[in-house]
Protein chains: 4
Amino acid sequence: MERRKVGVLGATGMVGQRFIQLLSNHPWFEIAWLAASDRSAGKTYGEACRWKLDTALPARIAAMTMQPNTPEGCVGELPKIIFAALDADIARDLEPKFASAGCAVISNSSAFRMTADVPLVVPEVNADHLALIGVQPWRKANGGNGGYIVTNPNCSAIGLVMALKPLEERFGIESLFVTTMQAVSGAGYPGVASLDILGNVVPFIKNEEEKMQEEVGKLLGRLSASGIEMLDAKVSAHCNRVAVEDGHTECVSIKLKKKASHAEVLAAWSEFAPLRGQHLPTAPDQPVEYDEGVDRPQPRLDRMRGAGMAATVGRLRPCSLLDWKFVVLSHNTIRGAAGAAVLNAEVLALLGKLDRLNTTGSATEARRAEAVTA
Amino acid sequence: MERRKVGVLGATGMVGQRFIQLLSNHPWFEIAWLAASDRSAGKTYGEACRWKLDTALPARIAAMTMQPNTPEGCVGELPKIIFAALDADIARDLEPKFASAGCAVISNSSAFRMTADVPLVVPEVNADHLALIGVQPWRKANGGNGGYIVTNPNCSAIGLVMALKPLEERFGIESLFVTTMQAVSGAGYPGVASLDILGNVVPFIKNEEEKMQEEVGKLLGRLSASGIEMLDAKVSAHCNRVAVEDGHTECVSIKLKKKASHAEVLAAWSEFAPLRGQHLPTAPDQPVEYDEGVDRPQPRLDRMRGAGMAATVGRLRPCSLLDWKFVVLSHNTIRGAAGAAVLNAEVLALLGKLDRLNTTGSATEARRAEAVTA
Amino acid sequence: MERRKVGVLGATGMVGQRFIQLLSNHPWFEIAWLAASDRSAGKTYGEACRWKLDTALPARIAAMTMQPNTPEGCVGELPKIIFAALDADIARDLEPKFASAGCAVISNSSAFRMTADVPLVVPEVNADHLALIGVQPWRKANGGNGGYIVTNPNCSAIGLVMALKPLEERFGIESLFVTTMQAVSGAGYPGVASLDILGNVVPFIKNEEEKMQEEVGKLLGRLSASGIEMLDAKVSAHCNRVAVEDGHTECVSIKLKKKASHAEVLAAWSEFAPLRGQHLPTAPDQPVEYDEGVDRPQPRLDRMRGAGMAATVGRLRPCSLLDWKFVVLSHNTIRGAAGAAVLNAEVLALLGKLDRLNTTGSATEARRAEAVTA
Amino acid sequence: MERRKVGVLGATGMVGQRFIQLLSNHPWFEIAWLAASDRSAGKTYGEACRWKLDTALPARIAAMTMQPNTPEGCVGELPKIIFAALDADIARDLEPKFASAGCAVISNSSAFRMTADVPLVVPEVNADHLALIGVQPWRKANGGNGGYIVTNPNCSAIGLVMALKPLEERFGIESLFVTTMQAVSGAGYPGVASLDILGNVVPFIKNEEEKMQEEVGKLLGRLSASGIEMLDAKVSAHCNRVAVEDGHTECVSIKLKKKASHAEVLAAWSEFAPLRGQHLPTAPDQPVEYDEGVDRPQPRLDRMRGAGMAATVGRLRPCSLLDWKFVVLSHNTIRGAAGAAVLNAEVLALLGKLDRLNTTGSATEARRAEAVTA
């Protein structure tokens with residue numbers, strides 16, 4: 001099978017590097033276009049990027065020339081699939097341009113997550129929300145084969161909703177507390193200063209508690225004719241930064257609508273496998289793994305389960321205030337960011353939503369496209 | 001004023017070292033006796049101890065000879081005041097022997113914290129509970145001037161109850177959540193292995209959640225004729241170990257019985273000064289300090305407030321589930337252990353409960369005392 | 001090809017776990033026997049071991065029953081190849097017993113490294129030293145097909161000698177300085193206390209400087225009729241422990257016998273590939289990789305090169321005192337321990353020295369063997 | 001005694017904060033003027049600075065208004081003594097302006113350290129070099145009472161030269177190796193990214209090796225009629241960044257001109273007390289402390305010796321290549337930066353070089369001064 005050509009927007013940052021890592025040997029996708037800031041255009045990726053991962057930067061990628069970060073700037077054919085790892089304010093400007101140019105924009109940014117017609121998706125949790133794409137104005141162009149934007153949630157929300165979804169399905173969720181201990185890679189590079197985090201805890205991450213609370217509501221919400229109905233559950237989040245490189249650990253207390261026994265909660269998790277049998281390259285066999293160890297999950301030991309795509313839960317025990325307490329952990333830059341986007345793309349491929357996209361690759365065509373959409 | 005002679009039992013461990021540090025220049029107390037395990041008896045303190053603090057081990061203390069860890073083993077006069085930093089199982093055996101020998105045992109151990117006639121005290125919170133001493137059998141000996149045991153809470157409970165007490169007094173507490181991020185020094189030395197905590201979080205500390213939950217109930221409980229009536233509030237704790245040397249950070253959500261505004265909560269904290277004017281050397285001027293910074297308190301920056309004896313709170317904000325959320329931090333081996341015990345002793349001195357203690361110092365006298373109490 | 005059955009002695013420690021990790025999918029070897037301390041015998045490996053690696057413990061291994069740690073205690077057939085990860089004092093007792101019972105003992109311990117008739121080998125550096133096996137008394141039994149002991153060097157010496165060997169071959173080494181910054185995993189588990197290393201450096205590792213200095217001499221020494229002639233070069237080592245999980249970083253200054261240019265040194269490293277073409281599963285393609293980055297190598301980024309088996313060098317620059325300065329880094333529990341031993345075994349297989357070994361598996365046979373060798 | 005008014009230039013950075021901390025209760029100096037970048041002028045110090053130290057920011061300082069960072073911008077009287085903690089390129093521009101305006105500029109910057117007529121001074125090591133001030137053009141103005149610039153060395157060089165000076169005096173130094181393990185605070189704030197240093201070592205600090213090598217030569221050099229004659233010794237430095245908050249640890253090997261025994265080296269250090277009896281507030285009693293511990297010095301335990309102003313040495317042992325090996329440690333932002341500058345100022349006060357300075361405080365006067373010096 002020929003691999004589909006894809007581009008990475010924001011390719012030099014921490015999440016961008018994870019995109020490179022996850023896509024450079026991907027069986028379905030082939031990196032064909034890279035862009036970051038204006039500053040990097042014209043350099044090779046190897047020159048533009050301070051590679052910070054512990055696997056080697058593939059030589060083919062290192063030698064690729066960074067392109068301008070606009071559709072019309074594209075030298076050659078613009079890929080139809082764009083993975084985007086941009087800061088929110090830049091994403092707000094750039095992502096619609098690529099959608100408008102006919103691209104499927106698979107975004108990790110927070111810019112459009114809460115926008116009504118943009119699906120915020122974790123495939124195991126709410127793949128049905130992808131239907132929202134059809135409502136997007138860009139998509140309606142090109143006879144319904146136009147571009148669109150799909151987003152994945154904040155790194156702190158993904159692991160949590162993976163643990164919550166099986167419980168919501170079977171028992172319903174009334175309310176929950178969550179206290180996070182988040183890795184520094186979640187803040188990008190250079191991100192958190194070492195003087196702030198060595199031997200320390202910073203009990204604050206800007207806007208993170210708000211994002212977690214609202215994203216959980218949308219992710220576990222229901223797709224209706226009028227859009228997503230938010231989950232009707234109270235969510236209270238405390239977010240902290242700790243001296244961990246990768247992996248967000250979260251302490252959760254939860255009240256269920258229908259009482260569930262310890263065994264029933266465990267069964268809900270172990271039987272949760274909505275993508276099984278779909279043969280998606282990035283989907284973990286067991287999306288929610290329960291570890292029986294008294295002191296698990298731990299970021300150093302458990303973040304790479306399922307190649308970094310599984311959420312690990314542990315320490316399920318009664319809560320004296322709500323019903324149950326547990327700990328959930330997931331890799332914040334794989335499951336919580338780049339891997340989440342790649343899995344979104346795989347589901348979109350499965351659903352046929354990466355076919356017949358008609359991008360406008362050259363500068364000339366892009367300008368024509370803009371004229372059309374204007 | 002002549003300083004009262006004191007002993008330190010368990011003097012070589014992490015909390016024992018903090019006792020040495022806090023007592024070696026104390027205006028009221030003078031270290032006159034040191035003991036740890038049988039193994040250390042006969043060595044000098046300098047030989048027996050791997051000093052791990054960043055202030056110099058005082059030469060006088062380094063040269064002192066470690067004594068056997070029993071009252072009858074004492075060479076010379078046994079001090080009437082014994083600060084004890086022992087593991088619970090050893091404390092269970094040794095502390096009653098010293099109380100029986102006429103000593104005021106100021107204990108940091110968990111062994112007797114929940115025992116009905118043993119006061120569990122944080123002076124700013126429940127100094128009135130010290131009256132329980134009178135009920136102890138050892139105390140009743142010697143015409144009511146016998147020895148006794150007084151305890152301070154677990155390091156994770158102290159900062160929390162300091163923040164809670166002013167709220168309980170003014171508004172009443174109905175329920176609360178607390179998630180801790182605890183420093184490694186709380187586990188003693190060698191304690192937490194570096195391979196377990198570097199770049200990691202361990203979401204489990206043995207028995208810690210249970211201790212926090214029950215100790216908060218006793219500390220905020222009411223002294224009645226029949227003993228301590230536990231606070232009637234639900235407490236749910238999640239305890240975690242993080243890569244911090246000193247200082248426990250705790251995220252709290254709380255429901256009050258009587259609604260309180262943001263300003264009223266802040267006022268309760270800022271006006272909380274039950275020991276002010278008592279001139280206790282170790283009492284902080286402001287036991288609960290509120291920091292306005294959006295990202296405070298932090299262990300590295302705030303643990304030494306009030307010479308390590310203040311609790312710092314920050315980030316007071318509404319909780320979507322209960323009433324208020326905030327963060328509280330305190331130094332776990334000063335405020336949370338050795339300093340707590342020293343402050344207990346200071347209050348006992350103020351109340352006259354360190355006077356007229358009649359210890360039995362030499363081996364001969366101790367044996368006679370045992371015969372009497374047997 | 002049928003895989004050779006192997007045993008792991010000291011299987012539960014940090015290096016033992018790496019053996020499990022490296023051997024559980026090895027194309028040539030199959031784990032058939034596990035032992036650690038007497039305490040663990042009879043338990044399953046899963047029960048006996050606190051697994052600390054970030055890859056899953058294979059289920060087959062977890063279910064294996066730990067055996068007594070002596071040849072005669074073996075239930076069933078004793079494997080002919082024993083990987084040993086024991087403390088030196090235990091190794092001194094146990095390894096000869098297994099050699100005596102006919103096993104090839106591939107040891108990571110320091111016990112016999114400097115023993116005259118025991119080869120201390122890094123395959124890329126001095127595979128020819130393996131001929132020493134023939135001199136060992138155990139080997140001489142069984143018609144020259146008896147057991148033997150082969151060792152690999154200390155984790156701090158391996159990366160260093162890999163960088164030195166190409167220089168010694170081409171230019172000769174006159175003297176060198178090396179200052180190490182060693183990872184905590186090198187001290188085993190629990191090993192280094194977190195209170196000793198968080199935010200700290202410990203400028204001392206017991207016996208480490210002595211080991212490095214003498215092992216380098218033997219590794220770069222020449223095999224002669226009368227044994228190994230040590231390299232005649234002065235080596236001065238400073239050893240430090242730093243807050244790194246895995247990967248030893250070493251700063252080296254070196255004086256060569258024959259002057260070499262920057263390009264010549266780089267060429268010596270890049271052309272160094274003594275095992276190339278041998279198809280050894282664990283041998284890295286490029287044993288010494290030079291990284292051009294101004295701030296490389298770094299443990300977090302470079303320790304996994306060559307699947308953890310390559311040494312990375314960087315920052316080659318003139319030394320104002322000797323000739324050249326550079327930095328070398330290698331993974332201390334893979335290249336520096338378990339992986340080194342596995343590669344030794346692969347070379348032994350290649351040389352035919354794992355064939356015709358005749359171990360005595362049952363207790364009866366072992367006793368007979370002991371009678372013979374006594 | 002009335003305290004001399006001083007200013008701090010670059011007051012908001014890490015070293016600037018240390019200046020505030022060390023000067024706010026200084027018996028001789030009183031902070032009367034604060035400046036940092038143009039951006040901060042007009043704000044209060046509390047607003048302009050993210051205070052990162054674990055002692056409280058004094059309220060008086062927090063309320064002070066930041067001034068423009070030029071002499072002529074000064075509102076009110078410009079202090080005659082300016083402590084400067086500026087980046088080198090800014091210092092190169094600003095420091096001469098203040099010297100020209102009649103100020104004694106006590107600089108921590110690298111800008112002029114190697115300038116022939118600027119003394120590079122550690123008071124215990126080469127206070128006599130302060131005589132160079134007289135050669136500076138600014139000083140010659142005002143009848144020889146004009147301003148001047150005095151510098152202290154790089155944080156990595158200070159501890160080293162304190163350990164070296166007593167050896168140079170008694171035995172002479174022929175050559176030395178030094179490998180540093182430097183704290184992150186040495187890079188300022190935000191400085192080192194947490195992703196670069198957590199669980200890692202970075203074997204490179206820009207220009208640091210060059211600075212160490214040349215500064216040691218000047219510091220241990222001899223003042224002659226024609227300026228400083230550099231020490232004629234070979235120095236080879238390897239510089240590394242490690243995950244330590246404060247305190248630089250350095251491994252040194254040294255060759256002496258005259259052989260010295262272990263006892264003679266120790267005596268040289270213990271008897272080294274060139275400032276004893278001078279009653280300088282910031283001078284440590286024992287500038288070089290030898291610790292007998294096998295694993296000392298360590299940054300967490302030893303950096304605060306002498307209130308952060310002592311250098312601690314340990315592990316003196318023979319070097320197989322040169323003569324002796326040892327470890328030296330000093331606090332990089334106290335002894336290695338702000339404290340060094342404060343001590344320089346104290347010595348200048350003692351020498352009468354802070355008297356009769358005639359600064360030009362108001363904008364008008366400053367401009368006149370510039371006209372004169374132009």
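The sequence lines fix the lettering, A, B, ..., with proteins before strands; numbering per chain opens at 1.
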Original post:
Are A:Arg317 and B:His238 close enough that some pair of their side-chain heavy atoms sits under 4.5 Å apart?
Top reply: yes

Original post:
Looking at B:Val202, B:Ile197, B:Val184, which has the largest count of heavy-atom pairs under 4.5 Å with chain A?
Top reply: B:Val202

Original post:
Can you tell me if B:Asp295 uses its side chain to pair, donor with acceptor, with the backbone of A:Phe204 under 3.5 Å?
Top reply: no

**OP:** State, yes or no, whether a side-chain contact exists between A:Thr179 and B:Phe177 at a heavy-atom distance under 4.5 Å.
**Re:** no

**OP:** Assess whether atom CG of B:Asp232 is packed by more than 12 heavy atoms of other residues, nucleotides or ligands within 6.0 Å.
**Re:** no

Original post:
Is the side chain of A:Arg300 donor-acceptor paired with the backbone N or O of B:Leu195 at a distance under 3.5 Å, no angle test?
Top reply: yes

**OP:** Measure distances from A:Val294 to the heavy atoms of chain B and classify the residue's part below 4.5 Å as side chain, backbone, both or neither.
**Re:** both

Original post:
Do side-chain atoms of B:Ser320 reach the backbone of A:Lys234 as a donor and acceptor pair under 3.5 angstrom?
Top reply: no

Original post:
Are B:Gln298 and A:Arg241 close enough that some pair of their side-chain heavy atoms sits under 4.5 Å apart?
Top reply: no

Original post:
If we only count heavy atoms from C-beta on, is the B:Asn240 to A:Met181 side-chain gap below 4.5 Å?
Top reply: yes

**OP:** Just give me the residue among A:Thr249, A:Val244, A:Ile205 that pairs up with chain B most often, heavy atom to heavy atom, under 4.5 Å.
**Re:** A:Val244

Original post:
Do you know which of A:Ser253, A:Cys319, A:Pro318 has the most heavy-atom pairs under 4.5 Å to chain B?
Top reply: A:Ser253

Original post:
chain B: which of A:Glu209, A:Glu245, A:Lys206, A:Gln213 shares the most heavy-atom pairs with it under 4.5 Å?
Top reply: A:Glu209

Subject >> For chain A, the option from B:Leu198, B:Leu301, B:Asp196 that forms the most heavy-atom pairs under 4.5 Å >> reply: B:Leu198

Subject >> Interchain contact, B:Val201 with chain A, by part (heavy-atom threshold 4.5 Å) >> reply: both

Subject >> Pick from A:Gly293, A:Ala183, A:Ala237 with the largest number of heavy-atom pairs that fall under 4.5 Å of chain B >> reply: A:Ala237

Original post:
Are the side chain of A:Lys325 and the backbone N or O of B:Ser236 linked by a donor-acceptor pair below 3.5 Å?
Top reply: no

Original post:
Checking A:Arg315 side chain against B:Pro203 main chain: does a donor-acceptor pair fall under 3.5 Å?
Top reply: yes

Original post:
Counting a contact as any heavy-atom pair under 4.5 Å apart, which residues of residues 328-340 of chain B contact chain A?
Top reply: none

Subject >> Partner chain B: residue of A:Gly314, A:Pro297, A:Gly247 with the largest heavy-atom pair count (under 4.5 Å) >> reply: A:Pro297

